Amino acid sequence: MTEASRPSAVNELADAVWEGYLELSPLTATIYGDVRFDDRLPDPSPAGRAAALALAERTLRAATAIPEAGLGDEERITRDMLRVATTIRLEELGQRFDILGAVDQMNGAQTLLPELALYQPADTPERFERLLARVRAYPGFLAAVGELAREGVATGLVQPRIIVERVVGQIERLLAIPVEEHPLVAVTRVAGAGEREQLAGLLRDLVRPAETAYLAVVRDEVLPVA
């Protein structure tokens, strides 16, 4: 690679930040058609939050250290947007937006599996195995989100009552759907009936108990103090 064709420091940083973001946000990667992380879920635990914090801090330091001299207009815009975006992200992490996101009618944990049905094809053996890995990881993910909701109750950081009521209603409606009609089973693009039966079994044996436990946290612990 010649000096003329080598990516600039700004572009190298932007590429690295995007890679880090996709790894921490595997559902976003799936929606954008990047299949590398199709077997993973986001990590709502303290370790996941620490990784997000480290990425934001590292990005802000690196963007701030790039001198303006010699940058073109596009590079200056990219560098400054990296600084702005990571400053906002650090503020969100400091204000614990992750706790508020634990009970959310728009992007909450209860929306994850129906969204996967729309965005993650599972019509080959390899794709299906990646989807199965995500479904099997979902109970642990949901339990971690429930702990975040409990942390919100303990610290007083709770969503407005109308939002909590909507989340309760969403989960109750999901639990009332026969497993064969759940979007994960009925909508996901799979190879055949055998795959749908396997998804239905996981939904019945793993997902439904986890959703029932999460519903209890939201309805019985969060809602009374919302």
Side-chain angles (χ1 to χ4, degrees), residues 15 18-45 47-48 51-52 98 101-149 163-219:
D15 289 343
W18 182 242
E19 283 294 304
Y21 172 73
L22 292 180
E23 188 169 1
L24 293 175
S25 306
L27 300 178
T28 300
T30 297
I31 290 172
Y32 282 125
D34 188 333
V35 304
R36 292 175 297 163
F37 312 111
D38 275 2
D39 57 347
R40 306 182 196 178
L41 294 178
D43 183 359
S45 72
D98 59 324
V103 182
D104 180 6
Q105 86 276 19
M106 296 298 293
N107 300 300
Q110 75 282 355
T111 69
L112 192 152
L113 293 183
E115 286 185 352
L116 284 184
L118 295 174
Y119 292 112
Q120 184 167 357
D123 50 355
T124 69
E126 295 78 12
R127 288 176 172 176
F128 188 65
E129 284 302 319
R130 289 196 289 264
L131 178 62
L132 290 181
R134 274 183 161 165
V135 176
R136 291 181 181 124
Y138 184 69
F141 168 81
L142 208 53
V145 172
E147 288 306 309
L148 280 177
I163 292 179
V164 182
E165 289 175 339
R166 287 173 177 172
V167 172
V168 169
Q170 286 174 337
I171 302 170
E172 288 177 340
R173 287 191 293 274
L174 281 171
L175 289 170
I177 298 173
V179 291
E180 295 80 8
E181 299 176 14
H182 189 283
L184 181 70
V185 179
V187 176
T188 303
R189 192 196 318 165
V190 296
E195 285 79 5
R196 295 199 191 281
E197 291 175 4
Q198 194 168 349
L199 287 174
L202 288 176
L203 192 69
R204 184 183 303 108
D205 298 337
L206 297 181
V207 173
R208 285 284 166 87
E211 288 178 333
T212 300
Y214 176 62
L215 172 62
V217 172
V218 178
R219 182 192 58 212

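Please read all numbers here as calculations on a predicted model, not as lab measurements. Numbering starts at 1 and runs along the sequence shown.
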Polar side-chain atom of E115 near backbone of L112 as donor-acceptor pair, under 3.5 Å: no

R196 side-chain N/O to V185 backbone N/O, donor-acceptor pair under 3.5 Å: yes

Side-chain heavy-atom pair D39, E129 within 4.5 angstrom cut-off: no

4.5 Å side-chain heavy-atom contact, V164 and V218: yes

Listed pairs under 3.5 Å, donor-acceptor, residues 27-36 side chains, sequence neighbours left out:
unit_1 : atom_1 : unit_2 : atom_2 : d
T30    : OG1    : P26    : O      : 3.2
T30    : OG1    : D38    : OD1    : 2.5
T30    : OG1    : R134   : NH1    : 2.9
T30    : OG1    : R134   : NH2    : 3.1
D34    : OD1    : R36    : N      : 3.1
D34    : OD1    : R36    : NE     : 3.0
D34    : OD2    : R36    : NE     : 3.2
D34    : OD2    : R36    : NH2    : 2.7
R36    : NH1    : E19    : OE1    : 2.8
R36    : NH2    : E19    : OE1    : 3.2
R36    : NH2    : E19    : OE2    : 3.1

Going from [atom1] on [X] to [atom2] on [Y], what distance comes out if it is rounded to the nearest 0.5 angstrom?
| X | Y | atom1 | atom2 | value |
| --- | --- | --- | --- | --- |
| F128 | Q120 | CZ | CD | 10.5 Å |
| L113 | L174 | CG | CG | 8.5 Å |
| R208 | L175 | CZ | CG | 5.5 Å |

Listed partners of R130 passing salt bridge (charged side-chain N to carboxylate O under 4.0 Å, His left out), at least two apart: none

Sequence-distant partners of D104, salt bridge (charged side-chain N to carboxylate O under 4.0 Å, His left out), two or more places apart: none

Ionic contact status for E180 with R204, cut-off 4.0 Å: yes

CA sep, side-chain torsions, deciding dist, call: L206, Y138, side chain to side chain contact (heavy atoms under 4.5 Å, CB included): CA-CA 8 Å; L206 297 181; Y138 184 69; over 6 Å; no

Can you give me the closest heavy-atom contact between [X] and [Y], atom names plus distance?
| X | Y | value |
| --- | --- | --- |
| L131 | L184 | CD1-CD1, 4.5 Å |
| A149 | V217 | CB-CG1, 4.1 Å |
| I171 | E211 | CG2-O, 3.9 Å |
| A117 | P183 | CB-O, 3.2 Å |
| T111 | G108 | OG1-O, 2.7 Å |
| T188 | A122 | CG2-CB, 4.2 Å |

CA sep, side-chain torsions, deciding dist, call: L132, L199, side chain to side chain contact (heavy atoms under 4.5 Å, CB included): CA-CA 8 Å; L132 290 181; L199 287 174; 4.0 Å; yes

